[in-house]
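Below: the structure, in structure tokens.
What you see is a predicted model; the values in this text were computed from it and never measured. The chains referred to below are lettered A, B, ... by the order of the sequence lines, with proteins before strands, and numbering in each begins at 1.
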Amino acid sequence: MVSYDRIAKLSLERGFYFPSSEIYSNAPAGFWEYGPNGNNIKNKFIELWRRELVRRDDMVEIDGAQIMAKNVFVASGHIDNFSDPVIVCGKCKSILRADKYILEKTGINVPERMSNNEMDKILNQYNLKCPKCGLLFQKSEQFNMMFKVGIGPNNDEAYLRPETCQSIFVDFNRIFKIMRGKLPFPIAQVGKSFRNEVAPRQSLLRLREFYQAEIEIFCNPNQLDTISKFDEIQDTTLTIMEGTKVKKLTAKEALDTKIIPNKLIAYYLSILNEFYEKTGIDMNQTRFRKLSDQEKAFYATIAFDFEFNTSVGWLELVACNYRSNFDLSQHSKISKEKMEIMDPVTNEKVLPHVFELSLGIDRSIYSILEQSFKEDYENNRVVLKLKPYLAPVLAAILPLVKKPELEEIAKNIYYNLKKDFDIYYDGSGSIGRRYRRLEEIGVPFAITVDYDTPNDRTVTIRDRDTMEQRRIEIKDLKSFFEKNRTP
RNA sequence: GCGACGAUCGUCCAGUUUGGUCUAGGACAUCAGAUUGCCAAUCUGGUAACCCGGGUUCAAAUCCCGGUCGUCGCACCA
């Protein structure tokens with residue numbers, strides 16, 4: 001049984017993740033901590049992302065503030081569009097979507113920008129009542145999914161960012177200049193975002209505070225088919241879903257059949273695909289789902305969701321949106337800053353368009369855990385088959401039994417290597433028990449010091465997945481670890 | 001946010017129906033020691049919990065009220 005519940009339990013027991021503030025009974029839902037093992041996996045996941053996307057594509061990476069000025073979100077549209085008009089019953093506290101309820105009861109189609117005052121007039125005019133307890137509705141309110149924060153003694157209005165990318169858009173001009181940018185120019189960022197979800201659920205899958213790894217590729221809209229890097233990935237196989245049809249095809253075929261509209265998007269979807277392949281998730285259980293016009297965010301002209309088939313259904317891991325020049329033109333308008341740049345390649349002045357890969361780290365971590373989890377009934381064990389470069393611990397150094405002559409050698413090996421690798425020492429319990437413990441958190445290698453070691457300076461290396469052992473000289477351990485932690 | 005159901009050591013479970021015998025018991029895990037020449041072995045000892053706040057009562061894990069969280073359904077979901 002590989003299921004959401006099984007992963008949740010393992011995570012609690014082994015410290016991958018657990019509820020935040022859990023010793024207090026009034027802890028709010030939707031906030032989770034990564035424990036020591038989970039944190040290590042997360043860091044290694046991010047490092048793999050850097051390797052396969054940021055460094056591969058010569059991206060630059062920034063780290064922006066989590067609290068941003070109100071006007072950032074006026075420009076981005078979040079103040080207006082990230083909130084819903086609601087009516088709250090004063091008696092039974094029922095919350096209803098104001099616009100939907102008015103439409104249902106009166107047939108009046110409430111436009112998105114209708115003010116609360118106007119909605120209140122309709123409420124009174126038609127004597128709309130709470131469907132549960134019959135109390136008359138008085139006022140509509142806005143429920144905004146952003147967390148508002150008060151800055152300084154005057155409580156000046158600001159917000160926790162609901163997506164990390166806004167800092168990238170706002171900072172674009174300066175970064176492009178100081179990094180002597182050329183289009184296409186990708187800027188990456190890892191960080192936290194905050195959304196005041198109405199009903200957060202399912203631990204890492206729907207959080208109020210969550211990690212994103214976002215990449216915003218600034219590009220010249222007239223040069224979307226001139227990327228030479230496309231050649232690197234033209235044979236990469238992608239699974240693309242359009243409507244209800246699912247097709248497997250190469251990047252080149254996707255481009256030729258116009259499922260993917262241009263080389264730039266094809267290139268970035270492909271390197272994203274290759275990145276996820278390295279995380280170890282089963283690519284046969286993934287797809288790029290092309291969103292219909294109804295499903296797309298208002299700023300997106302083309303959108304693909306990269307999804308993974310988990311035990312709780314298809315899960316969106318990455319939103320890939322072509323945002324046109326929406327963000328830069330909005331920030332330019334509200335801030336009065338000029339955002340056009342000279343494209344040094346074509347020598348034309350452009351307001352860059354943006355294609356983004358907005359990756360959910362927490363959901364990816366969950367997907368990797370679920371994929372890695374294997375119950376080996378034959379050997380009566382639970383194994384997390386994580387790739388060595390994603391494992392929280394690369395190897396454990398173990399004395400076969402608790403004997404000073406073996407312990408001393410094992411501790412020496414440990415002290416000599418612990419600064420270079422995530423390894424740990426464990427001398428308690430029977431050797432079999434220690435192997436089982438290691439398997440459950442995904443440690444790929446166990447190094448055992450046995451009675452041959454004092455004589456020939458060799459140790460055994462046990463492979464987590466096959467349980468097979470071979471001997472290696474102590475002096476070769478360092479290069480063995482180096483080789484095996486590299487993707 | 002609504003509705004239903006639930007919450008006891010790290011985990012799983014017993015105890016709640018019918019208040020007292022519960023300074024809360026067991027198993028697994030964990031820690032210390034013994035033992036151990038390679039896959040959750042054995043022995044001894046230890047650590048460790050009644051979700052929170054009120055109430056009823058001589059007495060509350062147990063009954064009542066409120067809250068929080070969790071699961072599921074509805075709604076919501078850039």
A:Q469 CD to B:C39 P, in whole Å, measures 9 Å

Answer yes or no: is there an ion pair linking A:R457 with A:E473, defined by an N-O contact shorter than 4.0 Å? no

B:A32 and B:C69, which share atom name P, separated by this distance in whole Å: 38 Å

Taking atom P in both B:U56 and B:C5, compute the distance separating them and give it to the nearest angstrom. 27 Å

Watson-Crick or G-U counterpart of B:C50, or none if no pair lies under 3.5 Å: none

Any strand: nucleotide that pairs with B:G45 via Watson-Crick or wobble, under 3.5 Å: B:C31

Applying the 3.5 Å cut-off to both distances, the Watson-Crick or G-U partner of B:G73 turns out to be B:C2

Here's a test for you: under side chain to side chain donor-acceptor pair (under 3.5 Å), which of A:H353, A:K296, A:E356 qualifies with A:Y322? A:H353

Between B:C52 and B:G45, how far is it from one P atom to the other, in whole Å? 32 Å

P spacing across the pair B:U62 / B:U57, given as an integer number of angstrom: 16 Å

Using a cut-off of strictly less than 4.0 Å, decide whether A:R14 has a side-chain nitrogen or oxygen near OP1 or OP2 of B:G10. no

Identify whether any heavy atom of A:E163 sits under 4.0 Å from a base atom; if not, whether one sits that close to sugar-phosphate; answer base, sugar-phosphate or nothing. base

B:A34 OP1/OP2 closer than 4.0 Å to side-chain N/O of A:K402: no

Measure from CG on A:D450 to C1' on B:C39 and round the result to the nearest Å. 14 Å

In this structure, how many angstroms lie between the C1' atom of B:C76 and the CZ atom of A:R208, rounded? 12 Å

Would you say the side chain of A:R206 and the base of B:G70 hold a donor-acceptor pair, judged only by whether the two atoms sit under 3.5 Å apart? no

Between A:R161 and A:E214, is there a salt bridge with N-O shorter than 4.0 Å? no

With a 3.5 Å limit on both atom pairs, tell me what B:C63 is paired to, counting Watson-Crick and G-U wobble, or say none. B:G55

Of the listed nucleotides (B:C39, B:C12, B:G70), which one gets closest to any side-chain atom of A:A29? B:G70

Within the modelled atom types, does a donor on one side and an acceptor on the other bring the side chain of A:R462 and the base of B:C39 under 3.5 Å apart? yes

A:R433 side-chain N/O to B:A29 phosphate OP1/OP2 under 4.0 Å: yes

Rounded distance in Å between the C1' positions of B:C22 and B:A75: 44 Å

Using the ring of each side chain (for Trp, its six-membered ring), is A:Y299 parallel, tilted or perpendicular to A:F326, with breaks at 30° and 60°? tilted

Integer angstrom distance from the C1' of B:C28 to that of B:C51: 24 Å

Would you say A:S430 places a side-chain N or O within less than 4.0 Å of OP1 or OP2 belonging to B:U36? no

Counting only Watson-Crick or G-U wobble pairs whose two distances fall under 3.5 Å, which nucleotide matches B:A7? B:U68

May I ask you to check whether A:E370 and A:S311 show a side-chain donor-acceptor distance below 3.5 Å? yes

Should B:U16 form a Watson-Crick or G-U wobble pair with both distances under 3.5 Å, which nucleotide is its partner? none

Distance below 4.0 Å between A:Y24 side-chain N/O and B:C69 OP1 or OP2: no

Of A:N26 and A:R195, whose nearest nucleotide on RNA chain B comes first from the 5' end? A:N26

B:G66 and B:A4: how far apart are their P atoms, nearest whole angstrom? 12 Å

Suppose we call a contact any N or O donor and acceptor under 3.5 Å apart; does that hold for the side chain of A:E440 and the base of B:A40? yes

Take the angle between the ring planes of A:Y34 and A:Y17 and call it parallel below 30°, perpendicular above 60°, tilted in between. perpendicular

Interatomic distance where OH belongs to A:Y451 and P belongs to B:C38 [whole Å]: 10 Å

Whole angstroms only, please: what is the CH2-C1' distance between A:W32 and B:G70? 9 Å

Calculate the interatomic distance between A:N380 atom CG and B:A29 atom P; express it in whole Å. 11 Å

Residue mapping more 5' on RNA chain B - nearest nucleotide basis, A:V401 or A:S428: A:S428

Rounded to whole Å, NZ of A:K403 lies from C1' of B:U36 at a distance of 7 Å

Nearest whole Å is fine: how far is B:C38 P from A:R381 CZ? 18 Å

Considering only heavy side-chain atoms of A:Y4, the closest of B:C69, B:U71, B:C77 is B:U71

Salt bridge or not between A:E439 and A:R436? Use side-chain N to carboxylate O under 4.0 Å. yes

In whole Å, measure the gap between the C1' atoms of B:G6 and B:C50 for me. 15 Å

Sugar-phosphate only, base, or nothing, as touched by A:P28 at under 4.0 Å among non-hydrogen atoms: sugar-phosphate

Salt bridge flag under 4.0 Å for residues A:D450 and A:R471: yes

